[in-house]
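Worksheet: one structure, shown below.
Hydrogens, waters and symmetry mates play no part in the numbers below; they use all other heavy atoms, side chains included.
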Amino acid sequence: QLQLVESGGGLVQPGGSLRLSCAASGFTLDYYVIGWFRQAPGKEREGVSCISSGGISTNYADSVKGRFTISRDNAKNTVYLQMNSLKPEDTAVYYCAAAERTVVLGTSRQADDYDYWGQGTQVTVSS
């Protein structure tokens with residue numbers, strides 16, 4: 001069974017940091033482009049960051065550039081999102097998604113390019 005499971009969310013003060021993990025089971029993650037998305041109440045799902053199957057190419061939304069870093073450890077079948085200098089507007093449910101590398105060339109932050117999704121993990125930034 002193909003599954004993606006996010007972890008690492010929680011409550012953090014503005015300026016703090018969190019590290020999200022996306023662990024894959026049932027398939028080999030190194031053949032997939034991985035994206036991180038987020039959705040706040042009343043807002044559309046937003047592409048935050050993505051990383052190519054080989055980990056060489058990355059892409060970030062302007063709102064998180066310089067603060068978030070995406071990485072992958074294919075040996076552990078896991079992708080990470082390091083989030084620093086968090087702001088209240090970063091509050092959302094964060095989702096990990098996977099797209100076959102034959103479908104997505106390089107990187108993509110468009111949600112409809114991704115076939116496999118995790119259940120999401122809540123990130124709340126508040127004082």
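The closest donor-acceptor contact from the side chain of Glu6 to the backbone of Gly120 lies under 3.5 Å. Judged by distance alone, the side chain of Asn77 and the main-chain N or O of Ala24 form a donor-acceptor pair under 3.5 Å. In this structure, the side chain of Ser52 does not engage the main chain of Gly106 through any donor-acceptor pair within 3.5 Å. A donor-acceptor pair under 3.5 Å links the side-chain atoms of Ser108 to the main chain of Gln110, judged by distance alone. Proximity of a side-chain donor or acceptor of Ser49 to a complementary backbone N or O of Trp36 within less than 3.5 Å is not detected.
Within the 4.5 Å cutoff, no side-chain heavy atoms of Glu89 are placed close to those of Ser63. Annotation: side chain of Lys76 is not in contact with side chain of Asn74 (no heavy-atom distance under 4.5 Å). Here the side chains of Ser126 and Pro88 are not in contact, with every heavy-atom distance at 4.5 Å or above. When side chains are defined from C-beta on, Thr78 does not count as touching Leu29, because their heavy atoms never get closer than 4.5 Å. Using a 4.5 Å cut-off on side-chain heavy atoms (C-beta onward), Val123 and Val125 make contact. Between Leu4 and Phe27 the shortest side-chain heavy-atom distance falls below 4.5 Å.
Taking every heavy atom of both residues into account, Gly47 and Ala61 meet most closely at O-CB, 3.5 Å. The minimum heavy-atom distance linking Ala40 with Thr91 is given by the pair CB-O, 3.7 Å.
No more than 12 heavy-atom neighbours from other residues, nucleotides or ligands sit within 6.0 angstrom of CG on Leu105. Heavy atoms of other residues, nucleotides or ligands lying less than 6.0 angstrom from CD of Gln122 number more than 12. Atom CD of Glu44 is surrounded by 12 or fewer heavy atoms from other residues, nucleotides or ligands within 6.0 Å.
Placement of Tyr116 and Val33 in two distinct hydrophobic clusters is found when ILVMFWY residues are connected by side-chain heavy-atom separations under 4.5 Å, directly or transitively. A chain of hydrophobic side-chain contacts below 4.5 Å, direct or via other Ile, Leu, Val, Met, Phe, Trp or Tyr residues, connects Ile70 to Tyr31. Hydrophobic clustering, with ILVMFWY side chains joined whenever heavy atoms are under 4.5 angstrom apart, keeps Leu18 apart from Tyr95. A single hydrophobic cluster is seen to contain both Val48 and Val12, as judged by linkage of ILVMFWY side chains at heavy-atom distances under 4.5 Å, directly or through other members.
For Cys96, the disulfide bond (SG atoms under 2.5 Å apart) test picks out Cys22, with sequence neighbours left out.
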For this session: List the steps, then state whether side-chain contact (heavy atoms from CB on, under 4.5 Å) holds for Gln82 with Ser71.
Result: CA-CA 8 Å; Gln82 179 67 46; Ser71 62; over 6 Å; no

Problem set entry | Stepwise salt bridge (Lys or Arg N to Asp or Glu O under 4.0 Å) check, Asp62 with Lys65 | CA-CA 5 Å; Asp62 288 342; Lys65 286 181 179 178; 3.1 Å; yes

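The CD1 atom of Ile56 sits 12.5 Å away from the OG1 atom of Thr107 when rounded to the nearest 0.5 Å. Taking CZ of Arg67 as the reference point, atom OG of Ser85 lies at 7.0 Å (rounded to 0.5 Å). Separating the CG atom in Asp90 from the OG1 atom in Thr124 is a distance of 11.0 Å, to the nearest 0.5 Å. Distance CE/Met83 to CZ/Arg38: 9.0 Å, rounded to 0.5 Å.
Note that Arg19 lies in the cation-pi zone of Tyr80, set by a 6.0 Å cut-off to the ring centre and a 45° limit from the axis.
Between Phe68 and the choices Leu20, Asn84, Leu81, Thr58, the side chain to side chain contact (heavy atoms under 4.5 Å, CB included) rule is met once, by Leu81.
Residues Arg72 and Asp30 are not paired through a salt bridge, judged by the lack of any N-O separation under 4.0 Å between the basic side chain and the carboxylate.
The aromatic rings of Phe37 and Tyr114 sit perpendicular to each other, their planes meeting at more than 60°, with 30° as the lower class boundary.
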